[in-house]
Amino acid sequence: MSQPVVNQSAPRRRRRRGSAVAPPGTVVTYLRVSTSEQALSGLGLEAQRATVAAYAERRGLTIVAEHCDEGISAKSLKGRPAALAALAAVRAGSAAGLLVAKMDRLSRSVVDGAGLMERAAREGWALHFADLDIDTGTPAGEMAANIIISGSQYERRLISQRTRDALAAKRARGERLGAVPSLPTKVTRRIMTERAEGLTYQAIADGLMADGIPTARGKSKWYPATIKAVTTSDNAAELV
C-alpha cells in the first residue's frame, strides 16, 4: 500500500504560538474551477469533491470543511479568497491538514508550491494531494512535488506563448482579431459621417437613441464611450 502524502511518523515542528491544536486526521478541502463556464455549470467541482472524499476515506481522514474558488485563475494564490481561507484554517488549528484533488488545483506556481510545502513542514500541518502519493515531509518527496509544480508552470507558460504567437501571426496577415462586430455597416457609416461633421460623441448617441437604433448588443442606450469605440473599431477602419 502506498504511503500518505505526509509522513505521520516523521517528527514535525510545533504550530505557531497561540494557535489551537487540531484533532489528528482532520482536513479541510480546497476545490477550484478555472473558468466562468465551469463555475456556472459546476463542471469539475463534483469530480474534485468525489476524488477528495474517496482519498479521505481511504486514508482514514475526516473532512471538517470545504473551501471552493469558482472561475478563478491558477496562476498564484493571490486573489483566491477560498484558498487563502483554507490555508488560514489549517494554520489556525481548525484542521490538521489541507487536502486538494490535484496539485494544480492549489497552485501552478513554483514559488507558491515550494512556499506551501515549506510552510506546512514548519508549522506542523499536513499537505495532501489526492492525485499523488508523495510525502512532502521528506527531501525526496519535496523534490518530486517541486518537479511536478515546475511542469505545470511550464505548461501554462507554453500555452500562453503559443497563444501570443498565434495572435501575432494573424495580426501580421492582417486578419481580424476577436469576434466580428454585429453592428450594421450603415450604422457605423452614420457614426463616422456625423463624427467627421463635428458632432460630439454625446450628440451622436442622442441621435441614435432618438431614431430607435439599437447598439451592437441590442440595447437601446448609447453612451459616448460606445460611440468612441465604434470610431476606432476594425469596421470603422475598413470604411475609411
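- Between Pro214 and Leu183, the closest heavy-atom pair is O-CD1, 4.2 Å.
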Discussion item. Walk me through whether Phe129 and Leu99 qualify under side chain to side chain contact (heavy atoms under 4.5 Å, CB included).
Written reply: CA-CA 6 Å; Phe129 299 109; Leu99 168 60; over 6 Å; no
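- Using a distance-only test at 3.5 Å, with no hydrogens or angles considered, no donor-acceptor pair links the side chain of Trp222 to the main chain of Ile204.
- Taking all atoms of both residues into account, the shortest heavy-atom contact from Ala82 to His67 is O-CB, 3.5 Å.
- Remark: Arg32 CZ to Glu70 CD distance equals 12.0 Å, nearest 0.5 Å.
- What you find for Arg58 and Ala130 is that their closest heavy atoms are NH2-O, 4.4 Å.
- Nearest approach of Pro23 to Ala96, heavy atoms of both residues: O-CB, 3.6 Å.
- Remark: the backbone N or O of Arg189 is paired with a side-chain donor or acceptor of Thr193 at under 3.5 angstrom.
- Here OG1 of Thr26 is found 8.5 Å from CG of Leu61. Values are rounded to the nearest 0.5 Å.
- Side-chain atoms of Arg105 do not come within 3.5 Å of backbone N or O of Val100 as any donor-acceptor pair.
- The two residues Leu87 and Val90 have their closest heavy-atom pair at O-CG2, 3.1 Å.
- Atom CE of Met209 is separated from atom OG1 of Thr215 by 11.0 Å, given to the nearest 0.5 angstrom.
- Within the model, atoms OH of Tyr55 and OG1 of Thr29 stand 13.0 Å from one another, a figure rounded to the nearest 0.5 Å.
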Worksheet item: Does the pair Arg119 and Arg91 meet the rule for a side chain to side chain contact (heavy atoms under 4.5 Å, CB included), with working shown?
Response: CA-CA 9 Å; Arg119 179 185 296 178; Arg91 298 187 72 194; 3.8 Å; yes
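- Side-chain atoms of Asp69 and Tyr30 form a donor-acceptor pair, as typed in the model, at a separation below 3.5 Å.
- With hydrogens and angles disregarded, no donor-acceptor distance shorter than 3.5 Å links the side chain of Arg80 to the backbone of Cys68.
- To the nearest 0.5 angstrom, Leu116 atom CG is 8.0 Å from Leu98 atom CG.
- Distance check: Ile159 CD1 to Arg164 CZ gives 12.0 Å after rounding to the nearest 0.5 Å.
- No single ILVMFWY cluster, assembled from side-chain heavy atoms under 4.5 Å apart, contains both Tyr223 and Leu199.
- In this structure, the side chains of Ile191 and Lys186 stay at 4.5 Å or more apart for every pair of heavy atoms.
- Across all their heavy atoms, Val28 and Ala86 have their closest contact at CG2-O, 3.9 Å.
- Looking at Glu66 and Arg49, a side-chain N of the basic residue comes within less than 4.0 Å of a carboxylate O on the acidic one, giving a salt bridge.
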